[in-house]
Structure formats: C-alpha cells, structure tokens
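Any value given below was found using the heavy atoms of this structure, including those in side chains, with hydrogens, waters and symmetry copies removed.
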Amino acid sequence: MPTNASRNTLVLPLLGLLVEQPSHAYDVATRLCGRYGHLSVTRSTVTSLLKALERADLVAARAPERVGNRPPRTVYEVTEAGLADFSRRVVEGLSDAQVASPDFIMAVAYLGILPAGDAAAILDDRAARLGQRLTDLRQEPAGVPEAYMLEVAYWRNVVAAEAGWIRILAARIRSRDIDWPTE
C-alpha cells in the first residue's frame, strides 16, 4: 500500500461499492474480487484502506453489528466529503488516466455518478486528446525499418480503439440510449 493510502488504485472502486451500498470490510473485499477480478485485493488491504479513508473523513463507521453467530462487523458508509472525492476521482480518471489503464477502466465503471451531459463532455474531451495522440503517433521517424517500430503500430490501434469506443459511448449518453442513473 502506498504511503499515502488515498493514492491506492483500490480507493475508487472501494468508494464506488460503498456509494452503491454501505458494507463491512469483508463484504467490500468479496465484492471487489467478484466484480474486478483483475485487481489484487486482500481483506487486510481493504480494512487498512477503510480505516485510512475514515481518518480522512471520506467514509464513516457505524457501530459494529452482530448478525447471527458471526462476530460483530463495522459497516462503513460514504460521507459527503467522500462522495465529492469519489466524483473528483471519476472525473480525473476519465480525463487524465493513461490509455487502456486500470485507472481509466475504474473511472468508466462509475461514470454514472456524473450528470449525463458532464459525462459526455468529459468523454468528448478525452476522445479529442486521443485523436491528437493518433496524429502524433502517425509521424514515424524516417529511415527506421517497420520491424523496429511495431510497438508504435500496436499503440496506434489501442489508442484508436479507445477513442472510437469513447466517441460511441458519448453519443449514446447524449441520445439517451443508456438509462442514466443520475438524471
């Protein structure tokens, strides 16, 4: 875990799950593993992050609850500051994350927290920046054999695929083809 727990890549999906439903650490860890199998998640990391987020006033702990014969568990819920931080993280992930990165994917997972018009505008901006990157990637150095530049061709395709998908998603949001939860 980074020295500053707020920079941990699990914070965005963890807050997202708590926005959906207040939960205890074990439940959050189980849901993170089930929904995001590509993330490395342990219960101890989730517990540590929840405590760090509580100290930062992004989540609040309820009094421990006992269900049946199970030991008492502390349920966490997102605070107003946590919701604002979560929205900021989504916007930053959509705007600034590297192409095809887990940070971008996690931001897309929670795009619905934003108003539809804002989401579409942020996506349009990203697609425009990716379009510029494609233009820059097309300018290959003169005299370098293609065999030594294959990664550039690969990266062009990755950037083009993401830009195309984003443009389609933004259009679908604007046309109301997707039921938008925050409207």
Side-chain angles (χ1 to χ4, degrees), residues 1-67 70-127 129-130 162 165-166 169-170 172-173 178-183:
M1 181 163 72
T3 306
N4 180 351
S6 68
R7 294 179 187 220
N8 189 301
T9 58
L10 291 177
V11 171
L12 179 65
L14 188 151
L15 287 172
L17 292 178
L18 293 178
V19 166
E20 293 174 9
Q21 168 186 329
S23 303
H24 53 79
Y26 179 79
D27 184 49
V28 171
T30 301
R31 289 168 52 211
L32 280 170
C33 288
R35 192 179 296 184
Y36 306 114
H38 64 282
L39 296 176
S40 178
V41 178
T42 65
R43 273 191 292 169
S44 62
T45 299
V46 169
T47 300
S48 296
L49 284 174
L50 285 168
K51 289 177 181 179
L53 294 172
E54 182 181 22
R55 285 189 301 274
D57 193 36
L58 301 179
V59 301
R62 296 180 184 166
E65 300 173 358
R66 179 182 294 275
V67 177
R70 295 181 179 163
R73 293 189 172 149
T74 302
V75 171
Y76 293 88
E77 58 192 349
V78 176
T79 63
E80 284 187 41
L83 187 57
D85 184 72
F86 174 65
S87 295
R88 179 191 57 77
R89 288 172 187 272
V90 170
V91 169
E92 284 179 2
L94 294 169
S95 301
D96 302 330
Q98 294 295 316
V99 173
S101 69
D103 291 336
F104 176 69
I105 294 166
M106 288 294 96
V108 167
Y110 295 102
L111 184 62
I113 193 78
L114 304 174
D118 293 353
I122 291 166
L123 292 172
D124 286 338
D125 288 345
R126 183 176 179 96
R129 286 192 314 276
L130 292 177
E162 185 170 301
W165 183 82
I166 288 170
L169 178 59
R172 291 186 65 210
I173 292 169
I178 298 174
D179 290 332
W180 209 253
T182 58
E183 295 293 301

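L111 and L169 make their closest contact through CD2-CD2, 3.9 Å (heavy atoms, listed as atom of the first residue, atom of the second, distance). Taking each heavy atom of V90 and A107 in turn, the nearest pair found is O-CB, 3.5 Å. When all heavy atoms of I173 and A120 are compared, the closest pair comes out as CG2-CB, 4.2 Å. Closest heavy-atom contact between A61 and Y76: CB-CE2, 3.7 Å. Between L15 and V59 the shortest heavy-atom distance is CD2-CG1, 3.8 Å.
Not a single ring pair (Phe, Tyr, Trp, His ring centres under 6.0 Å) links Y36 to another residue, sequence neighbours left out. Applying the side-chain hydrogen bond (donor to acceptor under 3.5 Å, both in side chains) rule to R172 yields the partners D177; only residues at least two apart in sequence or on another chain are considered. Scored by the side-chain contact (heavy atoms from CB on, under 4.5 Å) test, A29 finds V41, R43, V46 as partners (sequence neighbours excluded).
Under the side chain to side chain contact (heavy atoms under 4.5 Å, CB included) rule, P72 has a single partner from R66, E65, H24, which is R66.
Rounding to the nearest 0.5 angstrom, the gap separating the CZ atom in R129 from the CG atom in D124 is 11.0 Å.
For T45 and T42, the side-chain atoms include at least one donor-acceptor pair closer than 3.5 Å.
For the salt bridge (charged side-chain N to carboxylate O under 4.0 Å, His left out) condition, no pair includes a residue of residues 105-119, sequence neighbours left out. Judged as a salt bridge (charged side-chain N to carboxylate O under 4.0 Å, His left out), the pairs with a partner in residues 28-39 (not counting sequence neighbours) are, in order, E20-R31, E20-R35, D27-R31. For residues 73-86, the pairs satisfying salt bridge (charged side-chain N to carboxylate O under 4.0 Å, His left out) are R62-E77, D85-R88, D85-R89, with sequence neighbours left out.
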Side chain to side chain contact (heavy atoms under 4.5 Å, CB included) between L94 and R126, worked out: CA-CA 7 Å; L94 294 169; R126 183 176 179 96; 5.6 Å; no
From CA spacing to verdict: side chain to side chain contact (heavy atoms under 4.5 Å, CB included), N8, V11: CA-CA 6 Å; N8 189 301; V11 171; 4.1 Å; yes
Pair T47, V28 - check side chain to side chain contact (heavy atoms under 4.5 Å, CB included), show working. CA-CA 9 Å; T47 300; V28 171; over 6 Å; no
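Within the cation-pi definition used here (under 6.0 Å to the ring centroid, within 45° of the axis), R70 does not qualify as a partner of Y26.
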